[in-house]
There are 2 protein chains.
Amino acid sequence: MEENKHVTIYDIAERLNLATSTISRALKDHHTISDKTIKKVKKTAEEMGFVPNTLAAGLRGNKTRTIGVLIPTVTQPFLSSLISGIEITAQKSDYTVIIMQSHDSYEEEVNMAKSLYSNRVSGVICSLAMETRDTAHFHQFSNNNIPLVFVDRVPKDYNTFRVVIDNYTAGYKATKHLIEQGCIRIAHLTAGSELGNLYNERKRGYIEALKDHNIEVEEELIINLNSVTYEDGVKASNALFDLKPIPDGLFAPGDILAVSAVQTAKKRGIKVPEEFKVIGFNNDPISQIIDPNLSTITHPAEKMGKAAAEIIIKNLMSAKNDDAKEITFLNTEVLARESTEK
Amino acid sequence: MEENKHVTIYDIAERLNLATSTISRALKDHHTISDKTIKKVKKTAEEMGFVPNTLAAGLRGNKTRTIGVLIPTVTQPFLSSLISGIEITAQKSDYTVIIMQSHDSYEEEVNMAKSLYSNRVSGVICSLAMETRDTAHFHQFSNNNIPLVFVDRVPKDYNTFRVVIDNYTAGYKATKHLIEQGCIRIAHLTAGSELGNLYNERKRGYIEALKDHNIEVEEELIINLNSVTYEDGVKASNALFDLKPIPDGLFAPGDILAVSAVQTAKKRGIKVPEEFKVIGFNNDPISQIIDPNLSTITHPAEKMGKAAAEIIIKNLMSAKNDDAKEITFLNTEVLARESTEK
DNA sequence: ACAACAATTGCAATCGGTTGCGTAAAAATA
DNA sequence: TATTTTTACGCAACCGATTGCAATTGTTGT
């Protein structure tokens, strides 16, 4: 096996009897280099199998064309779609994406943030870990003019870009849909998280919708979960079905929870949607697989990823850090399917 | 907003009136540095908010402690679990993971490979794009002693590490399971792909299982798909259900396909599993959501990811490139669920 | 033919850790 | 006390691309 040492611009320079500066400029079509030389350099570079060393360029120029992505996990459909969106947009502008998972751990998030900074990423896109209660570990980015975009699970009081949906309105719409389908005793699952306040917002929407339709808010119909998992969903569903009478509707702020409710209902012989209507959240793939098909709220993951990446790239180009750190709201819609049919 | 310039070892050296070499060594507990100095340096580094510049270290040492992952997409459950496994293992050894998606395009795969090389990754883990027919773009890694591990969809004749399941045996097991459950006319979906020959292997297992049980292999029961998608699965299923008599079993080499078959059957009033038994592949989340629950073949995604990352890291530490480039086979099992019940 | 200017290319410093080698100071040995 | 050995640290080159400025060559104008 041949041991090709990496080909550098020095090798090209030597071969062509030119200076490295000329090679460097020729390779990026600098206007002070003649067409003849540019052609010659590019041809030789190609022949020699030259691949620029990103590290050297990054070190010298203090910019890496790399976007760091810090998210709880890549295995949730919403987040993997988010990544996909980021990646597509990044690629178009020739940016590389580094992905790190916090596994919803604060400690890991802190470490990963440091690692991203250490890698001198040009920008950061982050969805907060569940555990995270303070955001001091993001100051290193803000303080060094590295654009930072929070997505979906965002801190409330951090002056930076945010890409989110209007969770309040989404929760309101979901609940209103159930009411319109005839529900009058609507349960809700929620989860505590101070910083990424999206569950609180959805709950607020739920409550407001009930009030606006003169439906009493019953505390026993609102269950607080420790974690948004299938297992916890089953537990909560069983608790709801132990009530008499059982509620006639459920707004679950995640499709996994909604699915767990549907399946628990089935097991207990409760008919969905006849006796119990369910609407989920996210429009995960499973929502179209389960029988009955799950009504849900769209959560434009890929769009959000694209939007976040665009903000980073745009901000990096303009080089002004005095831009307003606006919040981008993307739309959500009710997808009415079988699980809420009258 | 304060504009902290990045703190460097030069800053620390100046503050403590030491040489940068001493700082550098102290920070990594070099034995020639006194404990007193080490403590002092670390404390000061902490105070000053020093974060090492990975680029500089990588450039100098020509190693980045970064693993490049090149896969078709992150949105498939199998692949996102694979990433998860890679990431967990990498993190333990303090490696960073860069993820790139080929979107099953040969051209993108070539570009991304170049980008990874350009970023001087320490190792590469790759699952081939569907389109890929030649692997010349991986020579740059092999030629430069950068460990390369192919996972799942691997080239047949490339002398490097491979982490796979035994697709032949898995296909055999799946088919045998259907036979044991009483099927005698078993259909199969497959897809062409010369390099990542896993569908061919599964098909081989299918055929051998039939032969071993004295069941005739009928060409009309084997449908070749253009793509492994829900839509193509529906088309194929409809084609199968147009036959008379319809087959009584199906081995689908992917849960999405299996699900499409189950749902198509339902729509046409064909009862699963009474009239038509289905076994899928991968044990995707949807396999436990669909009604009836889907029998399937386990595909140990996270384990494969961990194994691949371990190979990379181990190889990087031993620094011998003459190791045997062995193939790692991970086990698969039949998960018998409702969709193949007698 | 010569100044003035434009078009090309070269020189050398720079980014920030890393590391081989050299050296001064402290400790051990003769 | 003189000499050898350790211990602890400094010097300076290095990785490879970038870029401000200097230098060279080629053009145009008068």
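Numbered from 1 within each chain, the chains take letters A, B, ... in sequence-line order.
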Nearest listed nucleotide, side chain of Lys28(B), among dT18(C), dG10(D), dG17(C): dT18(C)

Gap between atoms CD1 and P, on Ile33(A) and dG10(C) respectively (whole Å): 8 Å

Distance-only side-chain donor-acceptor flag, Ser84(A) / Thr75(B), under 3.5 Å: no

Rounded distance (Å) that lies between atom P of dG16(D) and atom CG of Leu55(B): 15 Å

Rounded distance in Å - CD (Glu14(A)) to P (dG10(C)): 14 Å

5'-most by nearest nucleotide on DNA chain C - Arg60(B) or Gly61(A): Gly61(A)

Side chains of Tyr158(A) and Ser142(A), donor plus acceptor under 3.5 Å: yes

Gap between atoms CG and P, on Asp11(A) and dA17(D) respectively (whole Å): 9 Å

Touch class at under 4.0 angstrom, heavy-atom based, for Thr54(B) against every strand present: nothing

No-hydrogen, no-angle side-chain donor-acceptor test under 3.5 Å, Gln91(B) and Gln101(A): no

Ser21(B) side-chain proximity, nearest of dC11(D), dG20(D), dG17(C): dC11(D)

Closest-nucleotide 5' rank along DNA chain D - winner of Pro52(A) and Leu18(B): Leu18(B)

Given DNA chain D, 5'-ward residue of the pair Arg120(B) and Thr22(B), judged by closest heavy atom: Thr22(B)

Short side-chain N/O contact from Thr37(A) to OP1 or OP2 of dT9(C), under 4.0 Å: yes

Atom-pair distance (CD1 on Ile38(A); P on dT8(C)), nearest Å: 9 Å

Under 3.5 Å side-chain donor-acceptor pair for Thr132(A) and Glu109(A): yes

d(CG, Asn144(B); P, dC15(D)) in whole Å: 16 Å

Side chains of Arg120(A) and His6(B), donor plus acceptor under 3.5 Å: yes

Sugar-phosphate only, base, or nothing, as touched by Asn17(B) at under 4.0 Å among non-hydrogen atoms: sugar-phosphate

Nearest-nucleotide pick for Arg25(B), side chain only, options being dG17(C), dG10(C), dG10(D): dG10(D)

Closest to the Ala56(B) side chain, choosing from dC9(D), dT18(C), dG16(C): dG16(C)

Closest to side chain of Ser34(A), choosing from dG16(C), dT9(C), dT18(D): dT9(C)

d(NZ, Lys40(B); P, dA8(D)) in whole Å: 13 Å

Sugar-phosphate, base or nothing in reach of Ser24(B), heavy atoms under 4.0 Å: base

Rounded distance in Å - NE2 (His30(A)) to P (dT19(D)): 8 Å

Listed nucleotide nearest any side-chain atom of Asn53(B), set dA17(D), dG17(C), dT9(C): dG17(C)

Ser115(A) and Ser118(A): side chain donor to acceptor below 3.5 Å: no

